[in-house]
Each structure stands twice: as structure tokens, then as C-alpha cells.
**Q** 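Have a look at this one.
Reminder, nothing fancy here: chain letters follow the sequence lines and each chain counts from 1. None of these values were measured; they are calculated from a predicted model.
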Protein chains: 2
Amino acid sequence: MISISQLSEDFDVTTRTIRYYEEIGLLSPERTDGNRRMYSNKDIARLKLIVRGKKYGFNLDEIKEMIVLFDKDRSGKAQMKKTITYGKKKLEEVNERIEELQQMKTEMEVLLWEFENRLRNE
Amino acid sequence: MISISQLSEDFDVTTRTIRYYEEIGLLSPERTDGNRRMYSNKDIARLKLIVRGKKYGFNLDEIKEMIVLFDKDRSGKAQMKKTITYGKKKLEEVNERIEELQQMKTEMEVLLWEFENRLRNE
DNA sequence: TGTAGCATTGACGTTAACGTAAACTGCAAG
DNA sequence: CTTGCAGTTTACGTTAACGTCAATGCTACA
């Protein structure tokens, strides 16, 4: 259990941002007697997911959907089947992004190679 | 050479967005006698870069920097060396994103596998 | 027990990346 | 010629994702 300032430091995001994520339902930390937020390992894992998701260009609504997927406390066959279907779809998206990024990487490498050659031959 | 509406259709972005990219210096199409924008293959390649960049979570300022890299009309040894250095840095960033995305993919796969197992064993 | 230093909840401000509407222009078809 | 569509500029509007500030509440520590 850590405080909001600790969490803020650990992940390099402002406390405002963390509170905002709570505001829109992405986090729901416990409170102390004095009403201070206390973050569990589960909360920490969630924030990690959020921060990473943002880095890949997902917006907070999309991330919210993914959190549901990563939230392991689900039961009922129907619910689980839905989760699996949705998860596979998201996995496909991630796959596509990886492939495109790899293509981009290749293009950049070719370009750099060309530049280095031109530099050598002049 | 294609029109703005053609370009808009081809890339599934609005004409407003295309004009905005021009406004901030990401595109600079030629004009016809009647002042209409005409987009060359080079412009089209740029827009492709922009759209793709956005998808990966780069903002337009970062994309602007990358466009400079992908712009092949550079000369002078010093300039080229700078470009190569900068390009390698960007390549590193792309590499990192790929690796993190792959880690994320693995996690999702594990999770889905667990779900499917639970579904089978109940 | 006082006080420095985090924490809390509003509430309004800001910025990037467009959306939208208005007023105007150029061109092709009937 | 005019009708109508596609394009142009200008300018104000919008939304997500926070930033910032004010007023107030805990709480550890000298």
C-alpha cells in the first residue's frame, strides 16, 4: 500500500493525473481513516497498464476497455467467452501495430543505410 | 497529382485535417491556376507517414521531426551526419516500442490462455 | 500544541488537434 | 448565363487530458 505521491514518483505522472484517472473510473483505490488514497498492488498494475497503453497511442476510453480484459475477477461462462472474443480482437490490433512498426523500422534502417553510404562515397 | 478530396478519401482523413497539416507545416502541396491544392507522390508519402505516426502515439511535433529525417533532399556532410545520428536515436525509440508491444502481446496471450483453460475445466 | 507539509475536493484554465460555419471563388454542365 | 458543386480562407467552437489555484483537512514531529 503506497501513497499518491509515491505512486506519482514511481510512474512519473502527476498526482492530478492519477486523481483524474480515478475520476473517470480507471482507478479506485482504498482510503485511510483520514480519507487519504492508498494504492494496492492491483492499483499499481492498473496504472502500469494505463501508462503503457497511452504510450502506444490508445486513448483512455480504449484503455478502459482493456482494463476490463485484464481484470481477472470475472466469472460466468458467457462473460468469459465474451472476454476471450474481445481479447482476441485486441490481440489482433496489437499484432497489426507491431507489424506496421516493424515495417517502419525497416524503412528507417534502409534510409539510414543509404545515408551512410552516401557519406562514405563522397 | 490528386485533389484534396481524393487524398481525403484515400487516407480516410477529413479535408480539414489535411489543411491543418499544411497550416502547421507538415505538408506543402502545389497549387493549380485556380488556387486549388494538388498533391504529388511526395505529399502522399508524407501524409502516409503522418497518419502512421499518429497511430503509434507520436504527436504532430514529433512527426514533424521525423519528416525531416525521411526527407531525402539533404546535402552537406555535417547535415547528413546529424541526420544519421538523429535517425539512429529515433530508430532506438521505435525498437523500444516494438519490444514493449511484444511484451504486452505475450501478457495478453497468457491471459487469454488462462481464460480458455478455466472455461474448459469448469 | 503549534506548524510544516502532504492530502482532499472543487472549479476554472489550457493546449493539441481538429470540427464547423460563413462568406467567397472557380469551373463544368445544362 | 446560372446553377451547383468543390474548393478557399477566416474565425470561432469543441473535446480529451490534464494544469493550476484556492480553500480546507490530516498528521507527524519538535
**Q** Could you tell me how far apart B:Ile2 (CD1) and D:dG7 (P) are, to the nearest whole angstrom?
**A**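 Rounding to the nearest Å, CD1 of B:Ile2 and P of D:dG7 are 11 Å apart.
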
**Q** Nearest to the side chain of B:Leu60, which nucleotide is it out of D:dA17, C:dC18, C:dC6?
**A**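 So the nucleotide nearest the side chain must be C:dC18.
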
**Q** Output the rounded distance in Å from CD (B:Gln6) to C1' (D:dG7).
**A**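 The answer, rounded to whole Å, is 14 Å.
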
**Q** Using a cut-off of under 3.5 Å, enumerate the N/O to N/O pairs linking the protein to nucleotides 10-13 of chain C.
**A**
none

**Q** Name the closest nucleotide to the B:Asn59 side chain, picking from D:dC18, C:dA7, C:dA17.
**A**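 Among D:dC18, C:dA7, C:dA17, the one nearest the side chain of B:Asn59 is C:dA17.
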
**Q** Give the intermediate values and the outcome of side-chain hydrogen bond (donor to acceptor under 3.5 Å, both in side chains) for residues A:Thr14 and A:Thr17.
**A** CA-CA 5 Å; A:Thr14 68; A:Thr17 298; 2.8 Å; yes

**Q** Between C:dC6, C:dG19, D:dG7, which one does the side chain of B:Arg19 approach most closely?
**A**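 That would be D:dG7.
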
**Q** Is B:Thr17 close enough to C:dA17 that one of its side-chain N or O atoms is under 4.0 Å from OP1 or OP2 there?
**A**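 Negative; the distance criterion is not met.
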
**Q** Rounded to whole angstrom units, what separation is found between the OH atom of B:Tyr20 and the C1' atom of C:dT20?
**A**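 Rounding to the nearest Å, OH of B:Tyr20 and C1' of C:dT20 are 16 Å apart.
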
**Q** Is the NZ or CZ atom of A:Arg97 both under 6.0 Å from the centre of the six-membered ring of A:Phe58 and within 45° of that ring's axis?
**A**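 Satisfied, under 6.0 Å and within 45°.
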
**Q** Using salt bridge (Lys or Arg N to Asp or Glu O under 4.0 Å) as the criterion, list what pairs up with A:Glu96, not counting sequence neighbours.
**A**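 Partners of A:Glu96 by the salt bridge (Lys or Arg N to Asp or Glu O under 4.0 Å) criterion come out as none, since no residue qualifies.
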
**Q** Could you work out the complete set of other residues in the hydrophobic cluster of A:Met38, with links drawn between I, L, V, M, F, W and Y side chains under 4.5 Å apart?
**A**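 So far as hydrophobic clustering goes, A:Met38 is joined with A:Met1.
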
**Q** Could you go through nucleotides 24-28 of chain D and list every protein N or O atom that sits under 3.5 Å from one of its N or O atoms, giving the distance for each pair?
**A**
residue: D:dG25; atom: N2; partner: A:Arg36; partner atom: NH2; Å: 2.5
residue: D:dC26; atom: O2; partner: A:Arg36; partner atom: NH2; Å: 3.4
residue: D:dT27; atom: OP1; partner: A:Gly34; partner atom: N; Å: 3.4

**Q** Rounded off to whole Å, could you give me the CZ-to-P distance for the B:Phe58 and C:dA17 pair?
**A**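 Taking CZ of B:Phe58 and P of C:dA17, I get 14 Å after rounding.
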
**Q** Base, sugar-phosphate, or nothing: which does B:Ser3 touch, judged by heavy atoms less than 4.0 Å apart?
**A**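 Answer is sugar-phosphate: B:Ser3 comes under 4.0 Å of backbone atoms only.
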
**Q** Please examine the side chains of A:Gln6 and A:Tyr39, heavy atoms only from C-beta on, and report whether any two atoms are closer than 4.5 Å.
**A**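 Contact flag for A:Tyr39/A:Gln6 side chains = no.
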
**Q** Looking at B:Arg16 and B:Glu23, does any basic side-chain N land under 4.0 Å from a carboxylate oxygen?
**A**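 Answer for the salt bridge query: yes.
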
**Q** Taking the basic N atoms (NZ, or NE/NH1/NH2) and the acidic carboxylate oxygens, is any pair closer than 4.0 Å for B:Lys90 and B:Glu93?
**A**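 Yes, charged N to carboxylate O under 4.0 Å.
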
**Q** At 4.0 Å (heavy atoms only), tell me whether A:Thr14 reaches a base, stays on the sugar-phosphate, or touches nothing.
**A**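 Sugar-phosphate: the residue A:Thr14, judged by heavy atoms under 4.0 Å, touches backbone atoms but no base.
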
**Q** Verify the contact: side-chain N or O of B:Thr15 to OP1 or OP2 of D:dA6, cut-off strictly under 4.0 Å; return yes or no.
**A**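 No, no such contact exists.
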
**Q** Whole Å only: how far is the CD atom of A:Glu62 from the P atom of D:dA16?
**A**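 Computing the A:Glu62:CD to D:dA16:P distance gives 13 Å.
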
**Q** Respond yes when some side-chain nitrogen or oxygen of B:Lys54 is under 4.0 Å from OP1 or OP2 of C:dA17, and no when none is.
**A**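 Indeed not, no polar side-chain atom of B:Lys54 lies that close.
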
**Q** Could you tell me whether B:Arg52 and A:Glu100 have a side-chain N and a carboxylate O separated by less than 4.0 Å?
**A**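 Looking at B:Arg52 and A:Glu100, the cut-off is not met.
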
**Q** Take the protein atom CD1 of B:Ile18 and the nucleotide atom C1' of D:dA6, then report the distance between them rounded to whole Å.
**A**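 Atom CD1 in B:Ile18 sits about 14 Å away from atom C1' in D:dA6.
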
**Q** How would you list all residue pairs meeting salt bridge (charged side-chain N to carboxylate O under 4.0 Å, His left out) that involve residues 29-40 of chain B, not counting sequence neighbours?
**A**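 Counting only pairs at least two positions apart or across chains, the salt bridge (charged side-chain N to carboxylate O under 4.0 Å, His left out) contacts touching residues 29-40 of chain B are B:Glu22-B:Arg31, B:Glu22-B:Arg37.
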
**Q** Is there a side-chain polar atom (N or O) of B:Tyr21 under 4.0 Å from OP1 or OP2 of C:dC18?
**A**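 So the side-chain polar atoms of B:Tyr21 do come within 4.0 Å of the phosphate oxygens OP1 or OP2 of C:dC18, strictly under.
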
**Q** Roughly how many Å is it from CG in A:Asp61 to P in D:dA16, rounded to a whole number?
**A**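 In whole Å, D:dA16 P and A:Asp61 CG are 8 Å from each other.
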
**Q** Without decimals, in angstroms, what is the distance between B:Ile50 CD1 and C:dA16 P?
**A**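 Distance check: B:Ile50 CD1 to C:dA16 P gives 17 Å.
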
**Q** Would you please name every residue forming a salt bridge (Lys or Arg N to Asp or Glu O under 4.0 Å) with A:Lys88, sequence neighbours left out?
**A**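 Per chain and number, A:Lys88 pairs via salt bridge (Lys or Arg N to Asp or Glu O under 4.0 Å) with B:Glu116.
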
